[in-house]
Structure formats: C-alpha cells, structure tokens
Peer 1: 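This is the structure, below, for whatever I ask next.
Not measured: the values here are computed from a predicted model.
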Amino acid sequence: MPDVGEGLTEAEILSWYVKPGDTVTDGQVVCEVETAKAAVELPIPFDGTVHELRFPEGTTVDVGEVIISVNVGGDAPAEPAAPAAEAQAAPAAAPAPVAEAESEPEGRQPVLVGYGVAASSTKRRARKAAPAATTEPAAAAPAPAAAPAPAAAPVVPGQLNGSGPAAGRPLAKPPVRKLAKDLGVDLTSVTPTGPEGVITRDDVHRAVAPAAVTAAPAAPVAEPETPAAVAPAAAPVPVSVGARETRVPIKGVRKATAAAMVGSAFTAPHVTEFVTFDITRTMKLVEELKSGTDMAGLRVNPLLLIAKAVLVAVKRNPDINAAWDEAAQEIVRKHYVNLGIAAATPRGLIVPNIKDAHTQALPELSRSLSELVATAREGKTTPAAMQGGTFTITNVGVFGVDTGTPILNPGESAILAVGAIKLQPWVHKGKVKPRQVTTLALSFDHRLVDGELGSRFLADIAAILEQPKRLITWG
C-alpha cells in the first residue's frame with residue numbers, strides 16, 4: 001500500500017479490478033482504495049501475471065503492507081514439484097523485468113505492490129496445491145478451468161474504463177461500483193443507460209428493491225440565484241440494521257473529517273462574526289454576465305463573485321491569509337491563496353482547493369470552480385487537490401440555511417460561510433423595498449486574527465458584494 005497522500009497511514013481496499021491469473025501491464029489500474037481524504041485508483045508498475053491478492057475488499061491496510069503480488073515473467077508460477085530442477089534452471093534464466101529477483105536463489109520471484117519483493121514469496125508459492133491456468137482466478141481449492149469466480153472473491157463485476165475490462169464484465173465508474181457494493185447490487189444484473197453501456201448511479205438505485213434500502217432524504221433544491229454547492233449524491237449506507245437502530249461504520253473521509261474538526265475546534269480558539277447585507281447589485285451583475293459574451297460558455301453564479309470578493313479582500317487584508325505553527329511558535333503568512341471550497345460528497349465532507357486562485361481572472365476562476373465541483377461530484381478528487389489550502393468558503397445557503405458558525409479547516413486561519421440569498425424587505429434609499437439579502441459568517445483563529453482584522457476583512461467582503469464595481473476599483 002503506497003503512501004497516496006501526505007500524512008496518511010492507512011487505506012481501505014474498495015475494489016479489485018483483477019484476480020489471480022489475470023495478465024496486467026505497466027500502468028494498468030488494479031484496484032481502488034479509499035484513504036482518509038479521497039478514493040484513489042492504484043496502477044501496477046510492471047507487466048506480468050497476478051499471483052496473489054493479499055487482502056479482500058473492505059480491508060483497511062497500513063501503508064507499506066504488500067497488497068498484491070505479480071509474477072513478472074508473464075505466466076502463472078509453476079508447481080515446485082522438482083526443486084532441484086528449478087534451482088538448476090534458475091541460473092540460466094535472464095534476470096526478468098525486476099532487479100530484485102536476482103537475489104533470490106529459486107525460480108521466478110513474484111513482484112509486489114508495496115515496498116519491493118517479499119522475502120518469503122517462495123513459501124507462498126509452495127502453498128498452492130496445483131498449478132492454475134493463467135487466465136483463471138485462484139481459489140482456496142483447485143477449481144475447474146471454466147468455473148466463474150465465486151461471489152465472495154475479492155473481485156467486483158464492474159470494471160474501470162481503460163483498464164482492460166474482461167468480456168461480459170459491466171462498465172461502471174468507481175463511485176458507482178462503490179455505491180453498488182454498499183447497496184448489495186450485482187452490477188451484472190443492472191441494465192445500463194449511460195453512454196457506451198456504462199452503468200450510472202441512477203441505474204444502481206433503480207435496481208435496488210425499495211425494502212432493501214434506507215432512503216436518503218432529498219437534498220433541497222437551490223433557487224437559481226443561490227450560490228452553487230456540491231450536494232450529497234447519496235446517504236451513507238448502513239452495514240447493520242436493526243428494528244430500532246441503524247449503525248454506520250466511521251471510516252475513510254468521514255473518520256478523518258471528524259478527527260480534524262475535533263482537533264481544530266479544541267486547538268484553535270474560534271471567534272465567529274456575522275454580517276447581513278443587500279446583495280441585489282451582485283445578483284444583477286450575475287445575470288448581466290450570463291447574458292454577455294465575455295463569459296460565454298462559462299458557469300456564472302453568485303459563488304463565483306463571492307469567491308472573487310474574498311480574493312480581493314485577502315489582498316486588502318493579507319494577514320488574514322496565515323497559519324499558526326505551534327511547533328516553531330511562528331505565524332506563517334502566505335503570499336498566495338489556495339482557495340478551498342467545502343463540498344459534501346457521498347463519502348463525506350471534503351475541501352479541495354484552487355491553487356493560486358489569487359492569480360486567476362474571473363473567466364479562469366469560473367473554469368476552476370466548475371472543474372472542482374464536477375470532480376468532487378464524480379468522486380475523483382485527489383489527495384493533492386485537498387492539500388495546501390489557505391482559506392475556505394463553505395456554502396450552507398444552497399440548503400436554504402441562513403447562516404452558521406463554521407469550524408476552521410485545519411492549518412488555516414479563517415473560513416467564510418455563505419448563507420441563503422432571499423428576497424426580504426430592506427431599507428433602500430430611504431424606502432422599504434424588496435431586496436436580495438444574505439448573511440455571511442466568518443470564523444477565525446483568534447491567536448493570529450484579532451477582532452479588528454477579522455471585522456475589517458468581513459466588512460470588505462460585504463462592501464464589495466453590495467457594490468460589485470469595487471471588484472475593479474479595489475482589485
């Protein structure tokens with residue numbers, strides 16, 4: 001199990017895409033694992049034949065553990081019936097595709113995903129009672145060559161596009177395969193409706209018997225003028241259901257999020273301030289940009305202009321963009337903004353960020369936001385995309401919530417919560433009129449952000465959104 005993200009020590013094996021006896025090539029994805037930050041697909045770094053899957057699906061494995069072994073010679077390992085003959089043939093064989101095999105005195109050495117070759121792999125090879133055909137899965141006992149893989153084998157019927165799907169094996173993306181696994185749906189029984197016969201999430205839900213699934217409440221539909229956010233596609237699937245209780249395992253992204261939020265809440269002294277203001281002019285600007293040619297083909301919504309307002313306010317108040325280094329007893333001021341956007345996904349809350357967002361003009365920022373949201377919805381956000389954030393925006397308004405008191409993303413000094421944008425009576429030019437109104441909430445680390453700085457920063461954001469021409473005059 002490689003270290004697929006900074007500081008991660010373990011990962012759960014979600015799906016195997018290969019089985020013992022399958023031929024693999026350099027770069028082919030062989031499994032999907034879920035770390036504390038995201039789902040990641042692991043490629044194999046060499047050519048050969050799968051010798052053994054060390055762990056079944058659903059197992060949490062420490063970084064550094066060997067999870068799969070591959071015979072780099074290309075064929076399944078032969079039965080060591082004549083050790084003397086094997087030892088005699090070994091010196092004549094060319095050192096195969098991996099150098100580590102040269103140090104082994106006997107035969108061809110299985111190569112492992114993890115950290116090099118296993119010193120005891122010859123013993124593992126000797127455990128096999130009979131040779132297996134190169135195209136058939138290994139089992140606890142010899143099976144007929146044409147026997148299909150048992151349902152309990154660590155192989156999913158769905159296969160990633162581009163990783164060599166077997167004939168007759170249904171096509172589905174990793175998040176869909178994970179959903180099918182959680183719901184107990186056999187993908188071979190699902191009728192695909194996606195392009196080129198790909199099974200979609202809706203196909204899986206349609207295949208689930210109503211009595212067998214705990215229905216998730218539908219997410220509120222945002223009004224057109226409400227900032228876009230990533231809404232959960234599905235509720236966590238229970239693994240233990242009783243007459244009066246449902247138990248859901250705490251692991252993966254949700255486990256990491258819980259630990260990070262507890263650490264943040266009880267490490268950084270939080271202060272939250274609120275501002276309610278008239279955002280009507282910004283909403284009008286959104287409509288103008290949608291109908292204009294400068295942003296043609298790009299997604300324009302209030303969140304885009306709020307993000308831009310945050311970047312301008314950071315430029316005016318650079319000390320807000322900092323971090324507290326407890327070990328060094330230093331305040332680290334960042335001269336760049338990696339803008340995080342909190343996203344609710346089926347695996348839990350994640351915060352991918354736009355690298356160097358402060359350098360991006362409005363069209364480029366729009367493209368970055370669209371890509372970030374689409375990637376999160378597909379479950380494809382990488383650990384690297386969630387590292388190095390300096391400031392976060394969380395949009396609770398998409399659920400119709402007026403405001404909240406957000407908890408800091410660990411390592412950052414401030415986070416902005418965006419509330420719902422609603423038509424309300426408001427005093428405008430001396431008269432009460434219906435205006436678009438919203439509330440922003442800013443939580444900050446009071447060790448390095450005092451009340452003056454936090455208040456000035458929040459007031460700047462509100463001022464920009466009240467008079468969006470300040471994006472130009474202040475930016």
Side-chain angles (χ1 to χ4, degrees), residues 1-20 22 24-46 50-70 111-116 118 152-165 169 172-183 187 233-234 236-237 239 248-260 343 345-352 375-387:
M1 180 68 68
D3 181 1
V4 294
E6 180 181 351
L8 302 181
T9 60
E10 63 183 20
E12 178 190 354
I13 297 176
L14 294 180
S15 303
W16 283 109
Y17 303 152
V18 295
K19 57 184 178 295
D22 281 356
V24 294
T25 58
D26 185 2
Q28 177 180 334
V29 174
V30 295
C31 70
E32 180 188 22
V33 301
E34 182 179 31
T35 71
K37 295 185 176 181
V40 181
E41 293 168 334
L42 298 184
I44 205 79
F46 32 72
V50 177
H51 173 62
E52 182 181 12
L53 305 182
R54 300 291 183 93
F55 296 96
E57 294 174 357
T59 304
T60 298
V61 182
D62 291 337
V63 168
E65 287 282 347
V66 172
I67 61 175
I68 181 175
S69 60
V70 173
V111 180
L112 312 168
V113 170
Y115 290 88
V155 181
V156 292
Q159 180 73 24
L160 177 72
N161 289 331
S163 61
R169 185 173 294 173
K173 294 182 178 180
V176 177
R177 283 196 298 273
K178 176 68 164 54
L179 175 64
K181 177 186 173 184
D182 290 338
L183 297 180
L187 288 178
V237 179
V239 297
V248 180
I250 302 172
K251 58 183 180 179
V253 173
R254 191 166 298 278
K255 180 179 179 181
T257 300
T345 73
R347 289 191 173 94
L349 181 70
I350 63 174
V351 188
T375 302
R377 282 176 174 163
E378 294 172 0
K380 296 289 188 179
T381 304
T382 64
M386 293 182 284
Q387 295 170 5

Peer 1: Distance from T345 atom OG1 to K380 atom NZ, nearest 0.5 Å?
Peer 2: 13.5 Å

Peer 1: So which heavy atom on I350 is nearest to which on A376, and how close?
Peer 2: CD1-CB, 4.2 Å

Peer 1: With heavy-atom distances below 4.5 Å as the criterion, would you say the side chains of C31 and I68 are in contact?
Peer 2: no

Peer 1: Looking at every heavy atom in both T381 and M386, which two are closest together, and how far apart are they?
Peer 2: CG2-CG, 3.9 Å

Peer 1: Considering only heavy atoms from C-beta outward, does the side chain of E57 approach that of S15 to under 4.5 Å?
Peer 2: yes

Peer 1: Roughly how far, to the nearest 0.5 Å, is the CD atom of E12 from the CE atom of M1?
Peer 2: 9.5 Å

Peer 1: Could you check F55 against E65 for side-chain contact (heavy atoms from CB on, under 4.5 Å), going step by step and ending with a plain yes or no?
Peer 2: CA-CA 10 Å; F55 296 96; E65 287 282 347; 4.1 Å; yes

Peer 1: Check V61, T60, L42, L14 against V33 for a side chain to side chain contact (heavy atoms under 4.5 Å, CB included) and give me the one that passes.
Peer 2: L42

Peer 1: If you look at every heavy atom in P43 and G27, which pair is closest and at what distance?
Peer 2: CB-O, 3.6 Å

Peer 1: So among V50, D22, L53, which one has a side chain to side chain contact (heavy atoms under 4.5 Å, CB included) with W16?
Peer 2: L53

Peer 1: Run the numbers on H51 and V70 for side-chain contact (heavy atoms from CB on, under 4.5 Å), then give the verdict.
Peer 2: CA-CA 5 Å; H51 173 62; V70 173; 5.9 Å; no

